[in-house]
Structures are given as structure tokens and as C-alpha cells.
Amino acid sequence: MNKPGNTDTRFDPSAADAKWQARWDAANTFAADSDSPKPKSYVLEMFPYPSGRIHMGHVRNYTMGDVLARYKRMRGHEVLHPMGWDAFGMPAENAAMEKGVHPGGWTRDNIETMKGQLKQLGFALDWTREFATCEPDYYGHEQALFLDLYEAGLVYRKESEVNWDPVDMTVLANEQVIDGKGWRSGAEVEKRKLNQWFLKITDFAEELLEGLGTLDGWPDKVRLMQENWIGKSKGLQFAFDLSNGEKLPVYTTRPDTIFGASFVAVAADHPVAQALDSEEAREFIALCKRGGTTAAELETAEKLGFDTGLTARHPFTGADLPVYIANFVLMDYGTGAIISVPGHDQRDFEFATKYGLPIPRVVAASADEADKPFTGEAEAGEGVLVNSDFLDGMDVEDAKREVISRIEAMGAGQGQTVWRLRDWGVSRQRYWGTPIPFIHCEKCGVVPVPKEQLPVTLPEDVDFQTPGNPLERHASWKHTTCPECSGEAVRETDTLDTFVNSSWYFLRFASQPADKPFDREEVAKWLPVEQYIGGIEHAILHLLYARFWTHALSAIGKLDFAEPFASLFTQGMVTHETYQLGDGSWLSPGEVRKDGADWIRIEDGAPVTTGRVVKMSKSKKNVVDPDAIIGQYGADAVRWFMLSDSPPERDLPWSEAGIEGCHRFVQRLWRLFAQSDANASGEDKPLARKTHQTIAAVAEDIEALSFNKAVARIYELTGMAEKAAPSASRNDAIDALLLLSSPMMPHLAEEAWSLAGHDTLIADANWPEVDPALLVEDEVTIAVQHKGKLRDTLTAPKGASKEDLEALALASEKVQRSLDGADIRKIIVVPDRLVNIVT
RNA sequence: GCGGGUGUGGCGGAAUGGUAGACGCCGGGGACUUAAAAUCCCCUGAUCCUUGAUCGUGCGGGUUCGAGUCCCGCCACCCGCACCA
């Protein structure tokens, strides 16, 4: 270390932040070189939607990725750490409607603002690869990929009942309907029939499920959520002979309970139900359709049925089972018809109870409980088969196999796998999205736009004063000629779901040729993403779609790997206390202050109640704007706060006191450096040890993404160095502290590094080497226990023998007092750790 | 209902089955200062008979020389899915 003696003892972020950000930019420090011989690391955070301003959630997400990216660089990796914009989507159109601005202009303005904010935070991003998905040089390639998938038979169009959001006037995917309401608008979703474009994600159901097993770097929670979403179930499909001579296929996962069947039920929109022409039947079907789909309604919905008068012949007993229309049977799962076994399925139990149908027992805990009555609910568990003819005595699994093989032998049905996953409807009746590259011709039908005519670009002159799709209303845009017959034709006016945009952006970051979406070899240099970081809210939608695109592109030979993200980390939210007036209205943190033990509104002293600490949201006004905080404390303090205290997967409660503390530490570390004596000499062994232990531990912590622990260790070493007398060891400790904290506080680290006489950037420095000899202590503290409780601690040389430790422990006065002459039965010695005396 | 997770001081949280509460925040006391800011030092789980001891990681059991950590049974809260046959 070589530092001028008169270094200012205050660190001024307002000068240093901009200075170093400009240096990194000028030197292209963080541009990733695909041809570098170094090992490659791709660190990616979920790219933001340009909603207007960066919020604290972004800051936390990108700070974590940044620390990892900078750390990897210091570890000699060539790091790809890009940033871009998920720039299509409805808020832009809402802004257009509300403020009369163009969605494109609004979006591009937001991008500029937010990019400036990200730059202020000093992220080590490769801005040369930046793109926005709303520009033709991105979405044009997306259209090409969509056509590739079409050629591979993975894109199709069909009329289907869709979830129509009456407020946003658009179609929603199943995944975008939450409790029967639109995920964005919150409006009650209606059913409509429309011609829709679909992606055949179901072709990959098995693959996507199996792939989860290879994703060791993913949280179990997310894998499980995806597994449940894909929803594989194995069972039996077989057909009943109906009394009207028709066949009725049903699906069941419990073929073992077939002898317990007491009725058959079909969905209201099942053909068997639709074919009934009585007035009562039509009324009942209408009643079912009206039934709400919200969680609360489903929970409390009474089981309702309508006896069709038809009967179904049991394949083994020959008994005639009544056929009902039931409101709890879903048309789009299995065959839309079920075989009902009330004894062993709760829904069937409720239904049978209501309509007085028999509830036979066919599974019991043991054979002698074959006639045990039910206690008010169905028993869905394991057991042994009873009252079931040839199945009696078998366990559930054997009985399933037996029934399936007998049904198969009879030719009445077969074992079958059913999935919960549906194909992905990607049509949106929206302007601000990727135009779907197809043309409708009266003569030739639906014709893909030839690739050489891509991109199909959005028209700029559109109006948003009328609801619905502006592309549909545009005077000229949709009128074109058919690529096949050259006759008059119209363009598809639907645009793609924005989840398509985010399903391949990570490929485009890795490789962006002008003439194609990506270069396969170039992509292979970087992918899969080594560490992907984002919010848990994307556990299913985005992550499943992105996996599907990668699997699909791999299947059609465009990629050499199927899974895009080797490791996934889902960070917690940034939360803040909430403030409310007596009338329930929310106040922002800036409007209130603490007055003694109470909280009041600054403006008029009105009493304020403090509420739960919840996710920052505009509606509860508990937001803190990053810009203001950066202006006040500088980027490093904000970054440090984002990493401190809370484990990254948990929520982080923002507090004024917390950021103050971080600011204090920034200054404290700076002061330690500024007030050090560069010419000091001499060794301080304990400090040197602590330094090397810290280097090793911080590296481990960062690799495990345990930033809060890394932060705590840096505090510890700082504290020890502050108290130590000047020495060469102390200067080494300060050097190490600058290096270790440089991924977290890069501006301070650069400033100090340059003042210390380095003419290179600390961003380009290597992670400090650990001296293994200094990792081990030569003296250790030994705990001495008696009766399982700590009685004394003593110091012993590292590696002392059991006998020595035993003797040392027994020599302790405190231990002797505790023993009080009792007989010693046993002494347990854990070397370098403890001695436990048992009496 | 099904599945998963989490419970440790006033708060955020540490702790390979081996000294519970590292580190930070808040709070209290003191130093420096004309004063303030900044900074520094000390204290800060509870209780008691306070040189010390007892209790203490949601609750109840268990395994162990030793349990926040492992096992069994509960409770509370959070998240996901949800008439999926």
C-alpha cells in the first residue's frame, strides 16, 4: 500500500460514483469477450419491464447479480453480465390511453430514465449488448423463431374458449388467471370463443418434467411448483356402455376402487349432457356455467347433480350405474367424465351423501374392517382391498395394476397418463407486442409470412381512444397481398404474449448477429446461464416458458442444450413498514415521523398507526425511491444495504436507520484506509490470521450467495483492523478489505485503490490469495462442560492431546467447584473444541 | 383440502450435533466539543440470594455425555396449487 498521508477522511460518493462509472464506461471494462480463453460465466438477472423508474426490488436483484459478476471476474472468469428491456406490454398501452402518448415513445423514455438509474448504481454490466424487445431488430428475429416452430409443427391455431379480460380487452393464458380474475386488471374473467394461436408446450410435458430432475442448482420449491403445474397423473381410461347404446370414456387414477363405484358423472359441457333435450337439463347446464370460478366460490360450492336418466354398465359387476351431470366435473381434464367412488373420494362422498347414493367401502385398514362405516368423510389413503371380488386382499398399487390389465384384456380401455399442463395460448388482441407473422388469404387460408419479408413491423400511427385492438382498426396496416397467390389478403392482427419475448432473450444477449436470432456456436460459449436471479413470482410462468423454448429450439436443432438456466436463485422482496391515518388512508414514509412513542403526520400532527412490514407497493405508499437514497448516501451505501442483514432469499425490511448504518460503515471503511500509515512495518499475527480467514470465508459466502454473512465478516475484520496498531499486517488487512468489499462497494474500492497508488482498476484486480498456513490458529479456546453445561473456557495449544485437555479442564477452579467432589464417570474430549465431564 | 417453507433478544439475523445470540439496527451510559454534527469507549436475553447461579431458540415428548440443529406428535404464520377424478 502506498497512499498519500493527507488523504481526506471523508468519502464523497457524489464525486467518486460518477468518476468511476465514467472510467468503467471509457475502458469498456465489463464488455464480455466471447473469444477470451478464460473460463466463461454467464450471470443474469431477470430483465426489467420499463415501467418508468427503477424500484428497490430491482436494486436488490441487480446488486446481487453484480456482486457475483464482479467476484467471478476477480476469480479470473470472463463474465457475461448483460442488461436489456422487456419492453412490450400493456402498461404502455394504458399510458397511451390515459395520457395520449405513444406506447413506443413512452417505453423508450422510460428505458432512458431507468438506464440512467442503473448506471448510477455502478453495475458491472455489458451495455454493448443492450436491447429492447420492442424494437424490430429483436422482435423480427422472434417472428423468425416463431415460424421455425411453426414449420416444426409446434404452432397451431384453433378456435377455443379463452379467458377474456373485459377490462384489458384481451385474452389471458390460464397462468394469467388468478382466482378467476385477470392477473393484471383484477377483473372477473369471462369465457369467449376465439381463433387463437397456440404453442405445443404439451408435446414437451414429459421432457420438461424430467428436465427438472437435472436442475440441481434450482430451489426445490420452484422445481416442485413446476412439477405440480405440469401435473402428470397416471391412471386408467376406459369406456362404459351406456343404456342408450353409446360409449362413455372416463378417466380415473384409482382403478383399484372400481368395485366401489356407485355412479358416473359428466361435465355440464360434455356431449352426453349437451345431447339431452329436456328443459330441466338445459336449465341445470346453464346453472353450472353461471357458477363462479373464484377460490372462495369453489371452496364453498355445493355439489350439484342432474340425473340424466341414463345408466352405465359396470365392466366387472354388470350393475347399472346412474349417470349424472355434476357441477364439479371439468370438461378439460381427462375425458370430462368420471367414475365416482364415494367411499374413497371426498367430492364423490359429498355428492353421494346429498343424493342418497350408496357409499360402499372397498379399501380398509385390514381385511377384518371390511364393513367399517365411514365417519363423515371419504378415505383416500392406502390400505387393503375389500368387497372387491378378485381384488380382495390386494394392496392399492397391486389392485391398480390388476384392474388396468384386466380392462386392457377386455379391450375396454387402457392405462393412461394425463397432464394438467395445457398448450400455451399466445394470441393477444393488443397493439404493443410482436406481430404474429401470418397472413389470412381467402383462397390459400392461413399463410406464414416468408422469412425474407420479416420483420413484420408495427405501424406507428395508431390511436388508443377506442378500446380493442388498434391493429384491427388501422386504415391500411392489415391489408396486404397473399405470399402464395398474390391476391388480396389481411395480416394477422394478434400479437404474441409478452412471455414469448422473455423466453429467448438470454440467447440474444449471448449472440446477436444481424441476420438471424442467434449464432448457435456463439451461444454455446456462454449458455447455460451459470446463475440466474429473479423474483419467485416467475417460478412458473416465465421459467417454464423459457425452458420450453429452449427445449423446443434444441429439439429442432437450433441449440445444443435444452435447459437454459443451470442455477436459479429467487430473491426476497424489499419491504417497508406501512402508515395509515384513522380513516384508513395510506401515508408514505416521507409524510410521517416519530413523535415520542407515537407516529404522527408531519403536516398537521394527525395520529398515524404503523402497520405490517409488507412488500413496497404504490397502493400502500410504502415505497422508497432509489434515486433519492443514492443522492443522499451514494451508490455504495445502497448496495451495501441490499446485501446486509437479511439472507437474500428472505424479505429485506427497508429502514432509514438501516441505510444510515450502511452509510456509517462506508465512511468507517474509508477512514480506516485514509488514516492508515502506508510505511508501517512489523507483523501482527492474529490480524494476519483474521485477514486470511476472512478472505477464504467471504469467498465461500459469495459463492453460496450468502451476502449477509460476507458482509458480517467484513465488519469483523474491519473492527479488528481498526483496533490494531499500525503494522504491515494491518496494511495487508486494509488491502484485503478493499478487495473483498470491491464487488459490493465498487466506487469506494476504486477510489481507495487508486489513491493507494495502483494505476489499474480494482475491478480488474485478482481476488486475494489465501495463505493456508494462516488459516489455522495455534491456540484454541476449549469449552469445559459439566452436566451438559458450560462451566469454564480455557485456552490450549491447537492439537493438544486428549489427556492434556482433560488434565487442564480438571485443573480449573470453576470446574472443581461445579464438580464438588462428585465421582467422575466419564470424560468426553472433542479435540480443539471441548471437554465434557459426566458425573 | 393437497404440497412446501418458516418460527432464535426490542428488531434483521449468526451458529459442520459441541461456548446460543456472531454482525448490524434500536436503546442506555460516558468521552471529545462553547455547542452541534462527526467520531470514540462501555453496557444492552430473562430472573435471582448478582465474586456467582438458574432459566432461555413456538409447544409437548424422545435419542445423546451434549439438541436451535436429529426423531415423533402438536401449534402458529407465510407461500404455491386447488372440485385435476
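Convention: sequence-line order gives letters A, B, ...; per-chain numbering from 1.
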Asks: Whole angstrom is fine here: how far is it from CG in A/D645 over to P in B/C26?
Replies: 11 Å
Asks: Please work out if A/R664 contacts a base, only the sugar-phosphate, or nothing of the nucleic acid, heavy-atom cut-off 4.0 Å.
Replies: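 Sugar-phosphate: the residue A/R664, judged by heavy atoms under 4.0 Å, touches backbone atoms but no base.
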Asks: Closer to the 5' end of RNA chain B via nearest nucleotide, is it A/R791 or A/A783?
Replies: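 Its nearest nucleotide lies further toward 5', so the answer is A/A783.
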Asks: Taking syn as a glycosidic torsion within 90° of 0 and anything else as anti, which one is B/G9?
Replies: syn
Asks: Need one value for A/L224: base, sugar-phosphate or nothing, where a base atom within 4.0 Å counts as base even if backbone is also close, heavy atoms only.
Replies: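 Sugar-phosphate, backbone atoms only, no base.
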Asks: Looking at A/K303 and B/C83, is any side-chain donor or acceptor paired with a base atom of the opposite kind under 3.5 Å?
Replies: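 Pair found.
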Asks: Return the nucleotide paired to B/C77: Watson-Crick means purine N1 to pyrimidine N3 with N6-O4 or O6-N4, wobble means G-U with N1-O2 and O6-N3, both under 3.5 Å.
Replies: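 With both distances under 3.5 Å, B/C77 matches B/G5.
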Asks: Mark yes or no for a side-chain to base donor-acceptor pair under 3.5 Å between A/N228 and B/C81, with no hydrogen or angle criteria applied.
Replies: no
Asks: Once you apply a heavy-atom cut-off of 4.0 Å, does A/D220 come out as touching a base, just sugar-phosphate, or nothing?
Replies: nothing
Asks: Is A/G661 touching bases, backbone alone, or none of the nucleic acid, heavy atoms closer than 4.0 Å?
Replies: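 It contacts sugar-phosphate atoms only.
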Asks: With sugar-phosphate meaning primed atoms plus P, OP1 and OP2, does A/Y715 contact a base, only sugar-phosphate, or nothing at under 4.0 Å between heavy atoms?
Replies: sugar-phosphate
Asks: Output yes when at least one side-chain N/O atom of A/K709 is less than 4.0 Å from OP1 or OP2 of B/A15, else no.
Replies: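 The answer is yes; a side-chain N or O of A/K709 sits under 4.0 Å from OP1 or OP2.
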Asks: Identify whether any heavy atom of A/T793 sits under 4.0 Å from a base atom; if not, whether one sits that close to sugar-phosphate; answer base, sugar-phosphate or nothing.
Replies: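 Here A/T793 touches the bases of the nucleic acid.
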Asks: What does A/E716 touch in the nucleic acid at a heavy-atom separation under 4.0 angstrom: a base, only the sugar-phosphate, or nothing?
Replies: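 If one applies the 4.0 Å heavy-atom cut-off, A/E716 turns out to touch the sugar-phosphate alone, with no base involved.
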Asks: Below the 4.0 Å mark, does B/A82 have OP1 or OP2 next to a side-chain nitrogen or oxygen of A/R420?
Replies: yes
Asks: Across all strands, who's sitting opposite B/U34 as a Watson-Crick or G-U wobble pair, both distances under 3.5 Å?
Replies: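 Pairing partner, where one exists within any strand: none, as none qualifies.
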Asks: Does a donor on one side chain sit under 3.5 Å from an acceptor on the other, for A/T202 and A/D423?
Replies: yes
Asks: Which base sits across from B/A82 as a Watson-Crick or G-U pair, both distances under 3.5 Å?
Replies: none
Asks: Donor-acceptor pair, A/Q785 side chain versus A/L834 backbone, under 3.5 Å?
Replies: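 Side chain of A/Q785 to backbone of A/L834: no pair is present.
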Asks: Closer to the 5' end of RNA chain B via nearest nucleotide, is it A/I536 or A/V830?
Replies: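 Final value for this comparison: A/V830.
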Asks: So that I know where these two stand, are A/Y633 and A/F641 an aromatic pair - ring centroids less than 6.0 Å apart?
Replies: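 They do not qualify: ring centres at least 6.0 Å apart.
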Asks: Going by purine N1 to pyrimidine N3 plus the second Watson-Crick contact, or the G-U wobble pair, all under 3.5 Å, which nucleotide sits opposite B/G24?
Replies: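 Its partner is B/C11 (Watson-Crick or G-U wobble, both distances under 3.5 Å).
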Asks: Please classify the nucleic acid contact of A/T781 as base, sugar-phosphate, or nothing, using heavy-atom distances under 4.0 Å.
Replies: base
Asks: Please tell me if A/R650 has a side-chain N or O lying less than 4.0 Å from either OP1 or OP2 of B/G7.
Replies: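 Looking at the OP1 and OP2 atoms of B/G7, one of them is under 4.0 Å from a side-chain N or O of A/R650.
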Asks: Does a donor on one side chain sit under 3.5 Å from an acceptor on the other, for A/D651 and A/T575?
Replies: no
Asks: Could you tell me whether the side chains of A/Q693 and A/R713 share a donor-acceptor contact shorter than 3.5 Å?
Replies: no
